[in-house]
Amino acid sequence: MRIAYWVVAVLLAVFYAYSGGKKVTQSQDQLRPMMGWVDQIPMRLVRVIGALELLGAAGLLLPPYLAMAAAVGLTLLQVGAIITHLRRGEARLIGLNIGLLASSVATAWLATAWR
C-alpha cells in the first residue's frame, strides 16, 4: 500500500506543482490558451487556486494524516473545476478533472489505509 500511495502521491504532486506554479506566476494572457476560464474569474482567485494547488502538492509529500487532508483539499478543488466547466458548457473538457478527482480520492484512501 505504501508503494501505491507514493506513486500516486508523487505523480499528483508533480502535476499540481506545475499547474499551481503556472497559475501563480503567469499572466492572464499567458494562461488563456490553456485555461479559457481565467477570463471569467478574477486573477486574484486564479492566484489563490494556484497557491492552494502548490500547498496541496507539498502536502501530499507530508506524513499520511496531513497528506490525507491535502488529498481531500485537492478533491474539493477538482469538484469546483468540474462545476466550473459544466457551467461554461465545457462538458467535453472534464476528463482530466475526473481523472484528477479519482486520483486524489484514491490518494486520500491510500493515506488512511497506510496507518
Side-chain angles (χ1 to χ4, degrees):
M1 289 297 240
R2 287 182 187 212
I3 292 172
Y5 168 78
W6 283 111
V7 167
V8 177
V10 168
L11 290 173
L12 275 178
V14 168
F15 177 85
Y16 280 112
Y18 174 77
S19 175
K22 286 183 108 25
K23 289 178 184 112
V24 167
T25 60
Q26 292 188 343
S27 69
Q28 188 174 31
D29 291 334
Q30 291 171 312
L31 292 172
R32 190 175 297 116
M34 287 179 42
M35 305 169 203
W37 54 269
V38 297
D39 286 336
Q40 294 181 337
I41 295 176
M43 274 309 287
R44 181 174 285 174
L45 182 56
V46 174
R47 303 269 189 241
V48 168
I49 292 168
L52 290 173
E53 288 178 349
L54 288 171
L55 289 171
L60 290 174
L61 305 177
L62 295 174
Y65 60 93
L66 294 172
M68 184 182 67
V72 169
L74 293 172
T75 298
L76 295 174
L77 277 174
Q78 288 309 312
V79 169
I82 290 169
I83 291 169
T84 299
H85 283 304
L86 291 176
R87 284 186 178 168
R88 288 176 42 93
E90 300 171 338
R92 60 182 166 52
L93 299 178
I94 64 171
L96 175 64
N97 300 106
I98 290 171
L100 290 169
L101 176 71
S103 297
S104 59
V105 168
T107 303
W109 178 77
L110 287 167
T112 60
W114 182 355
R115 290 188 192 176

Could you pull out the closest heavy-atom pair between Ala13 and Leu60, with the gap in Å? N-CD1, 3.8 Å
On a heavy-atom basis, which atom in Arg47 and which in Gln26 lie closest, and how many Å separate them? NH1-O, 2.6 Å
Transitively linked via ILVMFWY side-chain contacts under 4.5 Å: Tyr16 with Tyr18? no
Quick one: does Trp37's side chain get under 4.5 Å of Leu93's, heavy atoms only? no
If Ile, Leu, Val, Met, Phe, Trp and Tyr residues are connected whenever their side-chain heavy atoms lie under 4.5 Å apart, and connections chain through other members, are Val79 and Leu45 in the same group? no
If you compare all heavy atoms of Gly20 against all heavy atoms of Leu54, which two are closest, and at what distance to 0.1 Å? C-CG, 3.9 Å
Common cluster, Met35/Ile41, ILVMFWY with side-chain heavy-atom separation under 4.5 Å: yes
I'd like to know whether Phe15 forms a side chain to side chain contact (heavy atoms under 4.5 Å, CB included) with Leu74, so could you lay out the CA-CA distance, the side-chain angles of the two residues, the decisive distance to 0.1 Å, and finally the verdict. CA-CA 11 Å; Phe15 177 85; Leu74 293 172; over 6 Å; no
Side chains of Tyr5 and Val10 in contact at under 4.5 Å (non-hydrogen atoms): no
Say you draw a straight line from CG of Leu11 to CH2 of Trp6; how long is it, rounded to the nearest 0.5 Å? 12.5 Å
Residues Ser104 and Thr75: closest non-hydrogen pair is OG-OG1, 2.8 Å
Look up atom CD in Gln78 and atom OG1 in Thr84, then write down how far apart they are to the nearest 0.5 Å. 10.0 Å
With a 4.5 Å heavy-atom cut-off, do Leu86 and Ile94 have their side chains touching? yes
So do Met43 and Leu31 actually touch side chain to side chain, heavy atoms under 4.5 Å? yes
Using the rule that Ile, Leu, Val, Met, Phe, Trp and Tyr join whenever any side-chain heavy atoms are under 4.5 Å apart, tell me whether Leu77 and Met34 fall into a single cluster. yes
Of all heavy-atom pairs linking Ala70 and Gly56, the shortest is CB-O, 3.7 Å
If you round to the nearest 0.5 Å, how far is CG of Leu66 from CE of Met68? 9.0 Å
Side chains of Leu101 and Asn97, heavy atoms from C-beta outward: is any pair under 4.5 Å? no
Nearest heavy-atom pair of Ser19 and Lys23: which atoms, and what distance? OG-NZ, 2.8 Å
With a 4.5 Å cut-off on side-chain heavy-atom distances among I, L, V, M, F, W and Y, is there a chain of contacts connecting Ile83 to Leu52? no
